[in-house]
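Chain letters run A, B, ... following the sequence lines, proteins first, then strands; residues in each count from 1.
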Amino acid sequence: MTRFVRGYNTSVTETVPAYSPLPVAFYLEPTLLAARNLLGAFVVRRFADGETAVGRIVETEAYTVGDPACHAFRGKTQANAAMWGRPGTAYIHINYGLHFCLNAVTAMDGVPEAVLIRAIEPVTNAARLLRNYTGQTEATEAEALSDKRIGAGPGRLSRAFAISKPVFNGYDLTDAGGDLFLAAGEPVAEEAVTTTTRIGITKGADFPWRFYVSASRWVSRR
DNA sequence: TAGACGATAGCCT
DNA sequence: GGCTATCGTCTAA
């Protein structure tokens with residue numbers, strides 16, 4: 001049985017708190033607050049071969065009801081239906097026809113709001129993330145830890161974590177037994193967070209609904 | 001069923 | 001910093 005151990009060394013076997021999933025209640029906080037509070041939380045991924053990798057969230061964006069940039073703004077379709085799902089599930093969308101982007105659904109069942117996870121910094125098994133990203137079979141932890149392709153940007157992190165829409169759209173992100181879940185981390189202090197406008201959108205472009213850890217080298221854009 | 005449009009990323013200057 | 005490949009999805013007809 002795989003045990004998720006917190007820390008930089010995956011070989012640690014002593015009793016360290018296992019990664020504990022953020023509860024459904026976390027996603028029922030107002031979406032802007034949830035987006036800000038997801039900073040510092042962990043993305044925990046177990047791959048099909050049993051190997052695991054963990055990243056720390058350093059950049060998010062909020063999308064809400066009434067927000068013209070939100071995919072739900074024009075109503076429910078087959079592609080965006082997951083946004084209406086239970087809080088704490090995943091909504092994966094495809095951008096520019098080729099990039100997968102991971103969102104955590106927030107707000108009550110039937111209220112289509114979500115937080116886009118835009119960047120992570122590697123915590124464990126960066127080498128595996130880089131191998132996933134490049135398709136190469138070789139990668140050292142040291143070289144992976146300085147390669148921004150594995151975490152800086154929503155399309156990039158999805159590729160590194162092997163998160164695709166067919167597999168993970170609608171997936172439960174609150175289940176520690178699952179292949180993908182979000183776990184509580186060290187809270188990030190207010191003065192360490194930068195709040196700014198969202199990236200790559202034309203509607204609602206002036207809403208300051210993007211949050212990132214100011215000091216992180218893994219933020220996708222400043 | 002054709003046409004328009006991106007919540008991007010990579011390459012080039 | 002600018003340019004653009006590339007294709008899933010929506011919309012109109």
Restricting both atoms to N or O, compile the protein contacts to nucleotides 4-7 of chain C shorter than 3.5 Å, with distance only.
unit_1, atom_1, unit_2, atom_2, d
C/dC7, O4', A/Gly97, O, 3.4
C/dC7, O2, A/Gly97, N, 3.4

[X] [atom1] to [Y] [atom2] distance, which is reported to the nearest 0.5 Å:
X	Y	atom1	atom2	value
A/Leu173	A/Arg86	CG	CZ	9.5 Å
A/Leu22	A/Phe42	CG	CZ	10.5 Å
A/Asn125	A/Glu141	CG	CD	6.0 Å
A/Trp218	A/Arg56	CH2	CZ	12.5 Å
A/Ile120	A/Leu157	CD1	CG	6.0 Å
A/Asp109	A/Thr89	CG	OG1	8.5 Å

Heavy-atom closest contact ([X] atom, [Y] atom, distance):
X	Y	value
A/Tyr133	A/Ala160	CD1-N, 4.2 Å
A/Tyr27	A/Thr174	CE1-CG2, 3.9 Å
A/Leu129	A/Pro122	CD1-CB, 4.5 Å
A/Pro87	A/Leu28	CG-CD2, 3.8 Å

Distance, rounded to the nearest Å, where [X] contributes [atom1] and [N] contributes [atom2]:
X	N	atom1	atom2	result
A/Ile150	B/dG10	CD1	P	13 Å
A/Ile117	B/dT8	CD1	P	15 Å
A/Asn103	B/dA7	CG	P	11 Å
A/Ile199	B/dA9	CD1	C1'	13 Å
A/Leu116	B/dG6	CG	C1'	14 Å
A/Asp147	B/dG10	CG	C1'	13 Å
A/Tyr133	B/dT8	OH	C1'	10 Å

Identify, residue by residue, the members of [range] with a heavy atom below 4.0 Å from DNA chain B, and return them in order of residue number, or none.
range	answer
residues 202-222 of chain A	none
residues 155-162 of chain A	A/Gly155, A/Arg156
residues 57-89 of chain A	A/Tyr63, A/Ala69, A/His71

Residues [X] and [Y] bridged, charged N to O under 4.0 Å:
X	Y	value
A/Arg210	A/Glu59	yes
A/Arg36	A/Glu190	yes
A/Asp206	A/Arg198	no

Under the 3.5 angstrom rule, does the side chain of A/Glu29 hit a backbone N or O of A/Phe26 as a donor-acceptor pair? no
Please work out if A/Lys165 contacts a base, only the sugar-phosphate, or nothing of the nucleic acid, heavy-atom cut-off 4.0 Å. sugar-phosphate
Strictly by modelled atom types, are A/Thr31 and A/Thr64 linked by a side-chain donor-acceptor pair under 3.5 Å? no
Involving DNA chain B, stems made of at least three consecutive Watson-Crick or G-U pairs, both distances under 3.5 Å: B:1-6 with C:7-12, B:8-12 with C:1-5
More than 12 heavy atoms of other groups within 6.0 Å of A/Arg74 CZ: no
Cation-pi geometry met for A/Arg118 and A/Tyr212 (6.0 Å, 45°): no
Over-ring placement of A/Arg45 relative to A/Phe168, 6.0 Å and 45° cut-offs: no
Using nucleotides 2-4 of chain B, report all nitrogen or oxygen pairs with the protein that are shorter than 3.5 Å.
none

